[in-house]
Student: 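This structure is in structure tokens; I'll ask about it shortly.
Predicted model only: the values in this text are computed from it and were never measured.
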Amino acid sequence: MSWNRRQRHLRAALGLRRPRLTMRVRPGTPPGTLTAAETAERPTFEVMTFSRGEVQAGHVDTLEGALAALTPGTVTWINIDGLGDASVFARLGERLGLHPLALEDVLNVPQRPKVERFDKYMFVVMRTMRLERPSELPPSVELDPRSAIIHGEQVSLFFGNEWVVTIQERADGDSFGGVREAIKQSRGRVREAGADYLAYLLIDAVVDAYFPVLDALAERMQALEEEALAPTGRAEETLLGLARLRHDLIGVRRAVWPMREEAAALQREESTLVTAETRVFLRDVYDHAVQALEVVESLRETAVSVMEIFLSTQNQRLNEVMKVLTVISTVFIPLTFIASIYGMNFKHMPELNSPWGYPVVLGLMLLAAGGMIGYFKKRGWW
């Protein structure tokens, strides 16, 4: 079997997806060149424009329709799902003055989460995590968090004085449902604050979405720990489950770790785009990011411990089996020796002519075996 086939079989056994190919421009292409992946979805647009007294929300068919909603004196949130049309993002950059290098980072996913400051806007790259239903699980069956697939996706965010633009890879759901409801129902101070506060809510929603994923990983960890300590179980499935869990923890850590730096960078930002009031709320995002990171690190350490416990348990069970087999082999050594003596077929062997020779030899064998077993039990070897 070739190396590629072995790798595919291993990934299938672990329940892991095929690694996603990163979209990169060709070597020698000028910086800032926008190229969309062939497999990326076509962009769809959702717009929310709100002020203290009113809100307008809905889907539009074109980018021009979304940009037409930009109105002075209101906050406009444009959400774009799909990266399949580079011309859309080129027009978006022309209209809002977005730097081509930032737009290139939007299309070339995945990028490392980061915060970049420009003159009239801020650029934030995040990674969101959510639980998805496995394809083989029927919709009628309730989703068990322990069997859910963890999906990661890049979320790019631009915000200026009166506008916010979020760009996501797919259009099959996100973590911003609570933010949309807060705007529509005028909960909190979102309709009274500016675009920076809306950006804070979106970043906070991404961070809060980590915790259901971490809870699901913790449940999987507990179940695998019980399997590892069970006297009887399926060792191969437990080992594959631990390997898949560690793989998912690495992916979540790559998303959570930079979020702490992002929240700290935005909190320290002295730009007029981020008000002093919003910086106070960003402290809460920083605390949540640190908390999520601590949970991830704790789960990673626990995963290593469970793996060590599992391997130690397997070694102990193997040692028990080997001890029983060794005792049995040791007991049969003198019996084999006695039997081999009388199997040498010499012509002159006095015991062969004795009528009590056969039962005496059998008794000697039983006495030797019983003596050895008693000695082993006395020493605690069996």
Side-chain angles (χ1 to χ4, degrees), residues 1 3 5-16 144-147 216-250 296-382:
M1 183 182 295
W3 167 253
R5 291 187 61 187
R6 288 198 300 268
Q7 193 175 34
R8 289 196 298 269
H9 282 295
L10 178 59
R11 295 191 64 84
L14 291 175
L16 305 179
D144 186 355
R146 292 177 297 181
S147 61
L217 291 176
E219 292 183 13
R220 283 170 52 186
M221 179 76 72
Q222 183 177 1
L224 289 171
E225 188 174 5
E226 294 175 357
E227 292 180 10
L229 296 176
T232 58
R234 293 168 293 186
E236 184 177 357
E237 293 185 4
T238 303
L239 182 60
L240 292 176
L242 287 170
R244 179 186 174 190
L245 176 63
R246 295 182 65 181
H247 177 272
D248 289 340
L249 285 172
I250 292 175
V296 172
E297 294 297 335
S298 176
L299 289 176
R300 290 185 66 204
E301 294 177 1
T302 305
V304 174
S305 300
V306 172
M307 179 69 77
E308 294 176 351
I309 292 174
F310 172 74
L311 295 178
S312 299
T313 303
Q314 295 301 311
N315 289 333
Q316 183 179 2
R317 293 172 184 169
L318 180 61
N319 290 337
E320 291 293 333
V321 174
M322 293 302 298
K323 183 168 64 174
V324 173
L325 296 178
T326 302
V327 169
I328 295 175
S329 301
T330 305
V331 168
F332 273 89
I333 288 176
L335 307 185
T336 305
F337 173 74
I338 295 174
S340 63
I341 290 178
Y342 291 96
M344 291 187 294
N345 294 325
F346 286 124
K347 183 176 181 179
H348 300 288
M349 297 183 70
E351 295 85 353
L352 297 180
N353 297 323
S354 172
W356 295 98
Y358 181 68
V360 168
V361 171
L362 290 180
L364 180 62
M365 289 183 177
L366 293 176
L367 182 63
M372 295 186 68
I373 292 175
Y375 177 75
F376 291 155
K377 288 186 175 180
K378 182 178 179 181
R379 296 296 299 271
W381 294 350
W382 194 19

Student: For Met372 and Val327, run side-chain contact (heavy atoms from CB on, under 4.5 Å): C-alpha distance rounded to whole Å, both residues' side-chain angles, the deciding distance at 0.1 Å, then the answer.
Tutor: CA-CA 9 Å; Met372 295 186 68; Val327 169; over 6 Å; no
Student: Which distance, rounded to the nearest 0.5 Å, do you find between the OG1 of Thr330 and the OH of Tyr375?
Tutor: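 Answer for the OG1-OH pair, Thr330 versus Tyr375, is 12.0 Å.
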Student: Would the number of heavy atoms belonging to other residues, nucleotides or ligands and lying under 6.0 Å from CD of Glu297 be above 12?
Tutor: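 More than 12 heavy atoms, drawn from other residues, nucleotides or ligands, come within 6.0 Å of this atom.
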Student: What is the distance from atom CD of Glu320 to atom CG of Asn315, rounded to the nearest 0.5 Å?
Tutor: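 Between Glu320 CD and Asn315 CG, I get 12.0 Å after rounding to 0.5 Å.
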Student: Please find the pair of heavy atoms, one from Val331 and one from Ala369, that lie closest to each other, and give the distance.
Tutor: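 Val331 and Ala369 have their closest heavy atoms at CG1-CB, 3.7 Å.
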Student: What are the two closest heavy atoms between Leu249 and Ala303, and how far apart are they?
Tutor: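 Closest approach of Leu249 to Ala303, heavy atoms only: CD1-CB, 4.1 Å.
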Student: Rounded to the nearest 0.5 Å, how far apart are CD1 of Ile338 and CD1 of Ile333?
Tutor: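 Between Ile338 CD1 and Ile333 CD1, I get 12.5 Å after rounding to 0.5 Å.
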Student: How many angstroms lie between CZ in Arg220 and CG in Asp248, if you round to the nearest 0.5 Å?
Tutor: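 One finds 4.5 Å between CZ of Arg220 and CG of Asp248.
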Student: If you take all heavy atoms of Thr336 and Phe332, which pair is closest and at what distance?
Tutor: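 Between these two residues, the closest heavy atoms are OG1-O, 2.6 Å.
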Student: OG1/Thr238 to CE/Met307 distance, rounded to the nearest 0.5 angstrom?
Tutor: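 Between atom OG1 of Thr238 and atom CE of Met307 there are 10.0 Å.
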Student: Could you walk me through whether Leu362 and Leu366 satisfy the side-chain contact (heavy atoms from CB on, under 4.5 Å) test, starting with their C-alpha distance in whole Å, then the side-chain angles of each, then the deciding distance to 0.1 Å, before giving a yes or no?
Tutor: CA-CA 6 Å; Leu362 290 180; Leu366 293 176; 5.5 Å; no
Student: With rounding to the nearest 0.5 angstrom, report the CG to CG distance, Leu224 to Leu217.
Tutor: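 Reported to 0.5 Å precision, the distance equals 10.5 Å.
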